[in-house]
2 protein chains.
Amino acid sequence: MSDTVPRPTLEAVAARAGVSRATVSRVVNGGDGVREPLVERVRRAVEELGYVPNQAARSLVTKRHDAVAVVIAEPETRVFADPFFALQLRGISKELTAHDNQLVLLLTEGRDDHARVARYLAGGHVDGALVFSLHVDDPLPGLIQGAGVPTVFGGRPGWGDGTRDVVYVDSDNRGGARAAVRHLVGLGRTRVAHITGPLDQTSAADRLQGYRDVMGDAGPRLVVESDFTPGGGERAMRDLLDRCPDVDAVFAANDLTASGVLRVLRERGRRVPEDVAVVGFDDMVPVAEQTDPPLTTVRQDIEEMGRIMTRLLLRGLDRRNTGEAAPDGVGTTAPGGPVLPTVLPTTLVRRASA
Amino acid sequence: MSDTVPRPTLEAVAARAGVSRATVSRVVNGGDGVREPLVERVRRAVEELGYVPNQAARSLVTKRHDAVAVVIAEPETRVFADPFFALQLRGISKELTAHDNQLVLLLTEGRDDHARVARYLAGGHVDGALVFSLHVDDPLPGLIQGAGVPTVFGGRPGWGDGTRDVVYVDSDNRGGARAAVRHLVGLGRTRVAHITGPLDQTSAADRLQGYRDVMGDAGPRLVVESDFTPGGGERAMRDLLDRCPDVDAVFAANDLTASGVLRVLRERGRRVPEDVAVVGFDDMVPVAEQTDPPLTTVRQDIEEMGRIMTRLLLRGLDRRNTGEAAPDGVGTTAPGGPVLPTVLPTTLVRRASA
DNA sequence: GGGGGAGGTGAGAGCGCTCTCGGTGACGGG
DNA sequence: CCCGTCACCGAGAGCGCTCTCACCTCCCCC
């Protein structure tokens, strides 16, 4: 086994089955229009020779690759190291597998990488792309949009001014935030603070918006900007306690932040939820269940999000192939309904912290 | 832009530059043996037309793909959702990018997926594979070994009886464990317990072995089997306290377990490190730095591990191409030194818990 | 009973690239 | 001055597949 055995070709299978290449090809690709006995013979030949189609040769003529790129634009280790993308990938992978597509992973590291990714996508090596870019000012989405590759974004892109037809899938950050804050208000809390994420990310901005929807102009006094990390949560909470010692509830922009918040509250001797009620966001189970007390939080189904994105993309690709004129946005107006941005629901998970 | 513009071919570039296809090909692939003025002309033509080589056509003739598969065999969500693989992927991605290779991600879900993955790899769609399989009884490594694809494993494979030549990269789990336990002993602790990971994973088994190296036959009294999770750590620690109330140190098989341990100790009113010293493993920063008190732990450089695996694989592939007979193990005996299993060092990181 | 389908099957032309191999010009030595 | 050498370049043959046609049976219907 020291050198790779030359793998059997269509030709070889055809010879063995006593038919033409064309017939073997037909059988391999579904077998329509071939009479049963022949199908059987070809199948056996394929089996016996251990034939596997050469994807390169196939792509060369079909111009399809049965592969999609997943682009994760994340300069910051922190975010990448959290379970978010892992779950997302899982969902994507499942769905791609179910449709016999491969997943080509592209991680970007800093600015110069953007060009590389754009070039790769423009190079037509994949049929489509799923792109995660969290930052408002990220040039990557624009580049990709320009590359002419069917694309679905994960999370609302920052520059989405609503006029361009981008297809994206996002969680209902705003609605989830509203639910969280309403819950706190419903508990009778009157001084509900919000510790935000980095506001150059749309998810953080949308959560803040949701908070404002409920609290109206609670004033900037109760809003502290932070960065989605436990450490950031700690700092923000200290600030907050110093400035407004009478706060009786905190809506943290994510669970990691909330864990920092809880730590500071404990350290300062405030009881949770009696003195201060705390709600997080994400329902990162390993975090939320392990805090003390267990965290009430807003759940978003990350894995499902990946799955939906994939389904959307594949649907768009499929339309392309069936000849419908599908603009870059993955096919917008077409029978079967336009492919539109999708917002997935979020739900409040009540545990002990609020 | 509604329909994809036909992308320029070599032919087109050749025409524009006024040379033959062959010359363009030479230039595109390094440009050796082509006179400078021609190189220049071809470069300009490539630039002007925005030419990008068609990878499928190229693969068809070279039989190389410049792509490697990363196989993550992990039925359990828990493990996949921790930062481990994310970091690993990051390292792999960086290294692959540096060598102009693509990363094809294959996640397996349950048994039937194994066949799919094996078929894919055997299909010769990628040049090599990086495989992560944590469980001793996992059939996947065997299947892959059989597929005849150059492979490097992440972590010592369970069936590695030392006789077959598998190439793997692993952290020095055993040595790290020894360092941890020695540290505890050096602190004057005499009843050092160990809470293990799932012992069907080699990493967990190796850590236990390291513990035994130092403690000798401390007896099974002080060893509790667990599962690498915080919840598991809690249960194990409760058990332990009930059975041996006098334990004065715990070496937890990973940081997650340690976090559970710390929680139980706090709940039972034991001070850390005064009453019970605790050491973890992994140095998962977001966990270890955020525990109370911050966790002393054994660091392994996960990202580096991914990088090394990749380098090893690419080196093996390179040898193949340069004609040296390279057996499946990615090329074992060859000038430049055999490609051998690599064990990366681990270091003790002292924080407050021990 | 013959003509027209319809349903199967095969021949052949590429897809865009690499790579061998033969040809060509410049140059130096005999 | 001629020929061998060398460095460079182009022609052409595929790589393994799909897909369009043309062809060839049958079978059905008039």
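Every chain is numbered from 1 and lettered A, B, ... according to where its sequence line falls, protein lines coming before strand lines.
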Side-chain N or O of [X] less than 4.0 angstrom from OP1 or OP2 on [N]?
| X | N | answer |
| --- | --- | --- |
| Lys63(B) | dT18(C) | no |
| Ser25(B) | dT18(C) | yes |
| Thr23(B) | dG10(D) | yes |
| Asn54(A) | dC15(D) | no |
| Thr9(A) | dG16(D) | no |

Nearest-Å distance for atom pair [atom1]/[atom2], residues [X] and [N]:
| X | N | atom1 | atom2 | result |
| --- | --- | --- | --- | --- |
| Tyr51(B) | dT18(C) | OH | P | 6 Å |
| Leu60(B) | dC19(C) | CG | P | 12 Å |
| Gln55(A) | dC15(C) | CD | P | 19 Å |
| His65(A) | dT18(D) | NE2 | P | 14 Å |
| Glu11(A) | dC17(D) | CD | C1' | 11 Å |
| His125(A) | dG16(C) | NE2 | C1' | 13 Å |
| Asp66(B) | dT18(C) | CG | C1' | 14 Å |

Taking the nucleotide of DNA chain D with the closest heavy atom to each, which residue, Arg35(B) or Val52(A), is nearer the 5' end?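 Result of the comparison: Arg35(B).
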
Which comes earlier along DNA chain D counting from the 5' end, the contact point of Thr62(A) or that of Ala57(B), where each point is its nearest nucleotide?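 Whichever sits nearer the 5' end wins; that is Ala57(B).
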
Considering only side-chain heavy atoms of [X], which listed nucleotide, [options], is closest?
| X | options | answer |
| --- | --- | --- |
| Val61(B) | dC19(C), dT9(C), dG16(D) | dC19(C) |
| Leu10(B) | dG10(C), dG16(C), dC17(C) | dC17(C) |
| Leu38(A) | dG16(D), dC9(D), dT9(C) | dT9(C) |

Using the ring pair (Phe, Tyr, Trp, His ring centres under 6.0 Å) rule, pick out the option among Phe85(B), Tyr168(B), Phe153(B) that qualifies with Phe132(B).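 Passing option: Phe85(B).
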
Chi angles and distances behind the side-chain contact (heavy atoms from CB on, under 4.5 Å) call for Leu121(A), Arg116(A): CA-CA 9 Å; Leu121(A) 293 180; Arg116(A) 176 180 65 87; over 6 Å; no

Would you say the side-chain atoms of Thr151(B) pair up with the backbone N or O of Val149(B), donor to acceptor, closer than 3.5 Å?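 Looks like yes, one N/O pair under 3.5 Å.
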
Looking at Glu47(A) and Arg43(A), is there a salt bridge between them, counting it only when a charged N and a carboxylate O are closer than 4.0 Å?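 No, this pair does not count.
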
Report yes if the side chains of Thr108(B) and His114(B) come closer than 4.5 Å at any heavy-atom pair, otherwise no.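 Yes. Closest side-chain heavy atoms under 4.5 Å.
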
Could you tell me whether the side chain of Arg21(B) has a donor or acceptor atom within less than 3.5 Å of a complementary atom in the base of dT18(C)?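 Flag set: donor-acceptor pair detected.
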
Any donor-acceptor N/O pair under 3.5 Å between dG10(C) base and Arg26(A) side chain: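 Looking at the base of dG10(C), it does pair with a donor or acceptor on the side chain of Arg26(A) (distance under 3.5 Å).
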
